[in-house]
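What follows is a single structure, written as structure tokens, with notes after it.
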Amino acid sequence: MAAILFTPTNQFPLKISSKIESLSLLERCSAMEELKQIHAQMIKTGLILKTIPVSRLLASCAISNYGSLTYAIRLFKAIPRPNTFMWNTVIRAHSTSNNPEDAILLYCQMLHSSKSAPSYNTYTFPFLLKACSARSSLEEAKQIHAHIIKNGLDSDVYTANSLLHVYAKSGNLASARMLFDRILHRDIVTWNSMIDGYGKTGIVEAARELFDQMPAKNIISWTSIITACTEGGMFQEALTLFQDMLSVGIKPDGAALVGVISACAQLGALDEGKWISTYIERNDVQVDPILGCSLVDMYSKCGDVEEALKIFKKMNRKSITAWTAMITGLAIHGRGQEALDLFAEMEKTGVKPNQVTFTGLLTACSHAGLVDEGKSLFQQMEKKYEVSPSVEHYGCMVDLLGRAGMLRDAEELIEKMPIRPNAAIWGALLNACRIHKNFDMGRRVGKILIELDPDHGGRYIHLASIFAAEGHWNEAVKLRKMMKDRGVSKLPGCSSTVLKGVVHNFFAGDDSHPLTKEIYLEWDRINERLREEGYVPLTDDLLLDLEEDEKEKAIHHHSEKLAIALGLISTDTGTTIRVVKNLRVCEDCHLVTKLISRVYRREIIVRDRTRFHHFKDGNCSCRDYW
DNA sequence: TTAGGGTTAG
């Protein structure tokens, strides 16, 4: 008589009467509770002793998205003589688990369990190598490679691809390339692994060359090259490749979109980011936790924090990464209190903060001047949350105290910190000395920094500007000479603005733009109009020993001013102008942008190296605290 | 059976 099944979902036929039926039921199963019932019925009917049904049951338990590895292992242990398929199934399940090392242990057990004949087959090694890849264990991969050669399985394309992947992922590109050249019948996976491995190690040009040579490309090839460009800082190329991908008719999925969304985030390309957002909605692309997180990050970094919040609130599953991205987003917009409120909300949901979350939180406190809150978080992070402060967290604290004018406290923290302070820590203190015009401390810190970071031009400039501000021109000139003698150059300031999908980059005094004449003429008009409003250029930041009018000329050709001037002549009245700058905005540019926002009635959003400035009606969201 | 995706101080 057929067994009766009672399922919570009632989606099942109510009986198992044959081997075929058990297989069909397993295929339709979608929850562990259902699987357990099938298991029970299989025991009752004796089907559990049949190889194929028990193999399928084991696979459902071990590999399906609703399964349970613990349950699978119990089942596996009860099987008297597991065959190769069953061994492979449990090895495979462990390779993607939290304990991939167990896959290797199982392989050893497998070898011992069958001494007479080899129990592995070509399916075994890809899983094992995946486990090595997850553990970043090149040594184990090499040992497995030896087994593969010994057993003559190295010509199997799956095995060869897996080996290639593990070598490429671990940065062992010479071995990966050797394997690649030896594989006679390369398939698309061979090519993709190679592109992804050359991309991950930062050799984007080589990845691009391979990509162009590929006989046929699929969505993973495109994703790999787009992601490689984004990770290698070639954001515009990532955007162009994305357009190429669309034009050849490849429909992007979530993973492909993440790469290009990140490129938009880095570029501050809001319109392109919005276009992708709309694409996701119109094409019903599933917004999984990773895609959602990258959208939140993109909207925050493109200056639209409200949209970031909307997306964040809509996300069903909020990972710690998503919470952190949102907290950091609020932080860089100076919305410190909201960042802290969001953290409190996160705690209620039981999500545990990590090191990056605390970096975001301390940044939030720093940019909003929330000194007590920052101090308290810093004290609690180790005691309450078991997250040890890293050099980044000390950096945030030095910045927080320093910006707030508590220079001595900041210096004391550096003296007491258990980790060796790096250049960034001293850099934060030097910046605070500059803001609060503490020249004595500034000189001291500047000298430490130049010793610690002798190739960083910004350090010399910082210290020289402190000397200059004090009127010590000789010392400032000496530093400039030192820089020149040592062959150190300063990272040039660069601002960009995106207009109709095209990125326009400007350096200070740049005359390479096709509209350069119009841009400089526009600046002259702006200058005249602002002076009528009482604008007096702030040249204090300049270290150059120049006459006042020369200083003004230098300051008026700063990259952000050129980008804003282009924005004013190229966009309609009332359009928000968005600029991204690689360095900190100078005092004069900050003042000018505030005035432009009032006089020209334009919202201007500037993202500088550390944060956002929203200029509107003559004010800036940073409240001049930056 | 093998290949692609997210958050980080100054």
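Computed from a predicted structure; not experimentally measured. In what follows, every chain begins at residue 1, and chains take the letters A, B, ... in the order their sequences are listed.
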(message) Would you say Arg403(A) places a side-chain N or O within less than 4.0 Å of OP1 or OP2 belonging to dG10(B)?
(response) yes
(request) Tell me whether the OP1 or OP2 atom of dT1(B) has a side-chain N or O from His165(A) closer than 4.0 Å. (result) no
(message) Taking the minimum atom-to-atom distance to the side chain of Ile219(A), which one of dG6(B), dA3(B), dG4(B) wins?
(response) dG4(B)
(request) Indicate whether Tyr158(A) forms a stack on dT2(B); treat it as stacked only if centroid distance is below 5.5 angstrom and interplanar angle below 30 degrees. (result) no
(request) May I have the distance from Phe180(A) (atom CZ) to dA3(B) (atom P), rounded to whole angstrom? (result) 17 Å
(request) Give Thr122(A) one of three labels, base, sugar-phosphate or nothing, depending on what nucleic acid heavy atoms sit under 4.0 Å from its own. (result) base
(request) Measure from the side chain of Thr227(A), starting at C-beta and using heavy atoms only, and say which of dT2(B), dG10(B), dG5(B) lies closest. (result) dG5(B)
(request) With heavy atoms under 4.0 Å as the rule, sort His367(A) into base, sugar-phosphate or nothing. (result) sugar-phosphate
(request) Examine dG6(B): is either OP1 or OP2 under 4.0 Å from a nitrogen or oxygen in the side chain of Lys301(A)? Give yes or no. (result) no
(message) Does Asn422(A) reach a base, just sugar-phosphate, or nothing at all? Heavy atoms under 4.0 Å.
(response) base
(message) In this structure, is the centre-to-centre distance between the rings of Phe180(A) and Trp191(A) below 6.0 Å?
(response) yes
(message) Just the rounded figure in Å: distance from C1' of dG4(B) to NZ of Lys130(A).
(response) 12 Å
(message) If you apply the rule ring-ring contact (aromatic ring centres under 6.0 Å, His included), what do you find for Tyr167(A) with His145(A), and how did you get there?
(response) CA-CA 11 Å; Tyr167(A) 280 114; His145(A) 192 173; 5.6 Å; yes
(request) Report yes if a donor N or O on one partner sits less than 3.5 Å from an acceptor N or O on the other, where the partners are the side chain of Asn218(A) and the base of dA3(B); otherwise report no. (result) yes
(message) Measuring from the side chain of Phe127(A) (C-beta onward, heavy atoms only), which nucleotide among dT1(B), dA3(B), dG6(B) has the closest atom?
(response) dT1(B)
(message) Once you measure the plane-to-plane angle for His590(A) and Trp626(A), does it fall in the parallel (<30°), tilted (30-60°) or perpendicular (>60°) bin?
(response) parallel
(message) By the 4.0 Å heavy-atom rule, please label Ala428(A) as base, sugar-phosphate, or nothing.
(response) sugar-phosphate
(request) Check every strand shown and say whether Cys396(A) touches a base, only sugar-phosphate, or nothing at a heavy-atom separation below 4.0 Å. (result) sugar-phosphate
(request) Provide, to the nearest angstrom, the distance between the CZ atom belonging to Arg186(A) and the P atom belonging to dT2(B). (result) 22 Å
(message) Counting the benzene-type ring for Trp, do Trp87(A) and Phe76(A) have ring centres under 6.0 Å apart?
(response) yes
(request) When you get a sec, tell me which of dG10(B), dG6(B), dG5(B) is the closest nucleotide to the side chain of Ala255(A)? (result) dG5(B)
(request) Check whether any side-chain N or O of Lys169(A) sits under 4.0 Å from OP1 or OP2 of dT2(B), and answer yes or no. (result) no
(message) Without decimals, in angstroms, what is the distance between Met417(A) CE and dA9(B) C1'?
(response) 11 Å
(request) Measure from the side chain of Ser262(A), starting at C-beta and using heavy atoms only, and say which of dT2(B), dG6(B), dA3(B) lies closest. (result) dG6(B)
(message) Using a heavy-atom cut-off of 4.0 Å across all strands, would you classify Gly259(A) as base, sugar-phosphate, or nothing?
(response) nothing
(message) Starting the side chain at C-beta, find the nucleotide from dA9(B), dT7(B), dG10(B) nearest to Thr359(A).
(response) dA9(B)
(message) What contact category does Ala256(A) fall into here, base, sugar-phosphate, or nothing, at under 4.0 angstrom with non-hydrogen atoms?
(response) base
(message) Of the listed nucleotides (dT2(B), dG4(B), dG10(B)), which one gets closest to any side-chain atom of Asn161(A)?
(response) dT2(B)
(request) Can you label the angle between the Phe612(A) ring and the His333(A) ring as parallel, tilted or perpendicular, going by 30° and 60°? (result) parallel
(message) Output the rounded distance in Å from CD (Glu231(A)) to P (dG5(B)).
(response) 7 Å
(request) From the options dT2(B), dA3(B), dG6(B), select the nucleotide whose nearest atom is closest to the side chain of Val258(A). (result) dG6(B)
(message) Nearest whole Å is fine: how far is dG10(B) C1' from Tyr625(A) OH?
(response) 14 Å
(message) So, under a plain 3.5 Å distance rule, would you say the side chain of Thr223(A) forms a donor-acceptor pair with the base of dG4(B)?
(response) yes
(request) Dump the intermediate steps for ring-ring contact (aromatic ring centres under 6.0 Å, His included) on Trp222(A) and Phe211(A), then the final yes or no. (result) CA-CA 8 Å; Trp222(A) 285 96; Phe211(A) 177 79; 5.0 Å; yes
(message) Can you measure Asn121(A) atom CG to dT2(B) atom P for me and round it to whole angstrom units?
(response) 13 Å
(message) Nearest to the Leu291(A) side chain among dG5(B), dT1(B), dG6(B), which nucleotide is it?
(response) dG5(B)
(message) Of the listed nucleotides (dT1(B), dG10(B), dG6(B)), which one gets closest to any side-chain atom of Pro126(A)?
(response) dT1(B)
(request) Tell whether Asp253(A) reaches the base of dG5(B) with its side chain through a donor-acceptor pair below 3.5 angstrom. (result) no
(message) Taking the ring centre of each residue, are Phe358(A) and Phe378(A) less than 6.0 Å apart?
(response) no
(message) Could you tell me how far apart Asp297(A) (CG) and dG6(B) (C1') are, to the nearest whole angstrom?
(response) 8 Å
